[in-house]
Amino acid sequence: MKTLQFFSGGQWISSKTETYMDVYNPSTGEIIAKAPCCTEDEVEHAIESAKKAYTTWSATPVLKRVQILYRVRDLIIEHLDELTALCATENGKSWGDAQGDVLKAKEGTEQAINAPNLMMGESLMDASSGVDTTLYRESLGVFAGIVPFNFPAMIPMGWMAPMCIAAGNTIVIKAASPTPMTCMRIAELYQEAGLPDGVLNIVTCSRNEAEIFMKHPDIKGISFVGSTSVGLHIYKEAAANGKRAQALCEAKNHALVLEDAPIERTAAGIINAAFGCAGERCMALPVVVVQESIADQLVESIVKKAKALKVGESVARDTDIGPVVTASHKQFVAKWIETGIAEGAEIILDGRNCTVPGFENGFFMGPTIFDHVTSEMTVGIQEIFGPVLCIKRVKDFEEGLALMNSSPFANGSVIFTQNGYYSREFQKRTHGGMVGVNVGIPVPVGMFPFSGHKNSFFGDLHCLGKDGLRFYTESKCVTTRWFDEDEMKREKVDSWDGTI
């Protein structure tokens, strides 16, 4: 079993804490590492390291900064299988899901490599008579990133670190204590690529120590991914202390299936979206809203395909669904299934008693499907974050859209149809920030923002895309005027000094 360290100022340091957090292999139930609950002084040390590095790093030309990210990108590709295995082992994702997690970190790095273009400002000669104005984008300072367990590569090392660093800032990342090793291994690749000491720092700690980020005068902004309650708290505290914040939070994404949708292809898309990553992703598809005329046929196909999924060890190449991340999370999901039954939902596939031969101590949950879920049942409203799918039946498009828009969350929304009119109406009227038309997981590629709405996001600038660059920079406008001989002789100017 490995005792993990924290990363500060370019050094891996053993914590002085007396409290360590267990890191499991969810497939076996075994503890494979212990992550330190870093002390407040150690979190402060990481912030101070980032502060010291900022002066030199921000003065480094952006073209030189992204040259390091080019090398990071190449190292991620070189170590793809290693990182995939590490992600699958500590998180429980299937091999394919874990590889996608790592490749999304690569994609975010590639987007950050475009920072020289994204940081280009704007200018206008003769904005007023003889007056020129130029807008520059500049870095701000030290940022903090607080990440969840479910994407240990993509979120810290794809969404946060690359663009933050490319823009000239430095960062302290609070890695998720159940899954910190993938993030830490990629940090080692940043070192290998030549990133200066202190630009990237990694800690693991409890929520108590993380509160330092919200109040620390040297932290300029916070990027968070996690629960809505914590995200709202971070957003409020950061704003109260004059910091930028982007908080990406919970979801309960719905898909509307109209009667003209191709049944088998639609069912296949739903299976992938609902049960991939064992449902542990905010862009999962946990609710299907289906027109009654085809509901029985669609449900039959979904159940058949769900039963065919192989639940197994995460690193096995033929596994479709790996275990959930911890024993406590397995219990959490199981309680939600009990709630659905108590609320009157019809359970037509029960994954609670799922076992994998040879891995009896693993945290496995098989696919679970509820039918005839109503809008009053909390199982169809609140985020479960597990392999649980709820079926809601509606008469038509309008009823389905209204039901979907009644959700307090608005990360993603999907429609399955071959009808162009309903597709267009859906795109215009859905509350979801990321919309799929016959796409079960409508996560845009990295040049577009991850644009959740309502209680799924708090902030003004989303991560990734141009929003991501803007979050990590501030604009500065410079107005310039050069005097000719007559102007130099003037002894009086008007109140606007010629800018109107």
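With hydrogens and angles disregarded, a donor-acceptor distance shorter than 3.5 Å links the side chain of Asn169 to the backbone of Tyr472. No donor-acceptor pair under 3.5 Å is formed between the side chain of Gln427 and the backbone N or O of Val435. Of the possible polar contacts, one joining the Asp132 side chain to the Asp126 backbone as a donor-acceptor pair under 3.5 Å is found. For Arg481 (side chain) and Asp497 (main-chain N/O), a donor-acceptor pair under 3.5 Å exists by modelled atom type. Under the 3.5 Å distance criterion, the side-chain polar atoms of Thr204 are matched with a main-chain donor or acceptor of Pro36. Using modelled atom types, no side-chain atom of Thr109 and backbone atom of Arg73 make a donor-acceptor pair closer than 3.5 Å. At least one donor-acceptor pair closer than 3.5 Å links the side chain of Ser206 to the backbone N or O of Asn208.
No hydrogens or angles considered: nothing links the side chains of Glu250 and Ser227 as a donor-acceptor pair under 3.5 Å. No side-chain N or O of Thr179 forms a donor-acceptor pair with one of Asn91 less than 3.5 Å apart. A donor-acceptor contact closer than 3.5 angstrom links the side chains of His79 and Glu82. Counting only N and O atoms by type, the side chains of His216 and Glu48 include no donor and acceptor under 3.5 Å apart. Donor-acceptor pairing under 3.5 Å is lacking for the side chains of Thr417 and Ser423.
Phe149 pairs by the ring-ring contact (aromatic ring centres under 6.0 Å, His included) definition with His329, Phe385, not counting sequence neighbours.
Judged by the 6.0 Å distance and 45° axis criteria, Lys93 is positioned over the aromatic ring of Phe151.
Atom CG of Asp81 sits in a crowded spot, with more than 12 heavy atoms from other residues, nucleotides or ligands closer than 6.0 Å. In Tyr20, the OH atom is crowded: over 12 heavy atoms of neighbouring residues, nucleotides or ligands sit closer than 6.0 Å. Heavy-atom neighbours of Met125 CE from other residues, nucleotides or ligands within 6.0 Å: at or below the threshold of 12.
In summary, Lys215 and Glu237 engage in a salt bridge, as defined by a charged side-chain N under 4.0 Å from a carboxylate O. Contact check on Glu485 versus Lys489 returns no salt bridge, with no Lys/Arg side-chain nitrogen under 4.0 Å from an Asp/Glu carboxylate oxygen. Classification of Glu398 and Arg429 as a salt-bridged pair holds, one side-chain N sitting under 4.0 Å from a carboxylate O.
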(request) List the steps, then state whether ring pair (Phe, Tyr, Trp, His ring centres under 6.0 Å) holds for Phe224 with Phe458. (result) CA-CA 10 Å; Phe224 167 83; Phe458 302 105; 9.6 Å; no

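Using a 30° and 60° split on the angle between ring planes, Trp159 and Phe450 fall in the tilted class, from 30° to 60°.
At least one side-chain heavy atom of Ile146 sits less than 4.5 Å from a side-chain heavy atom of Ile234.
Taken to the nearest 0.5 Å, the NZ atom of Lys252 stands 9.0 Å off from the CD1 atom of Ile381.
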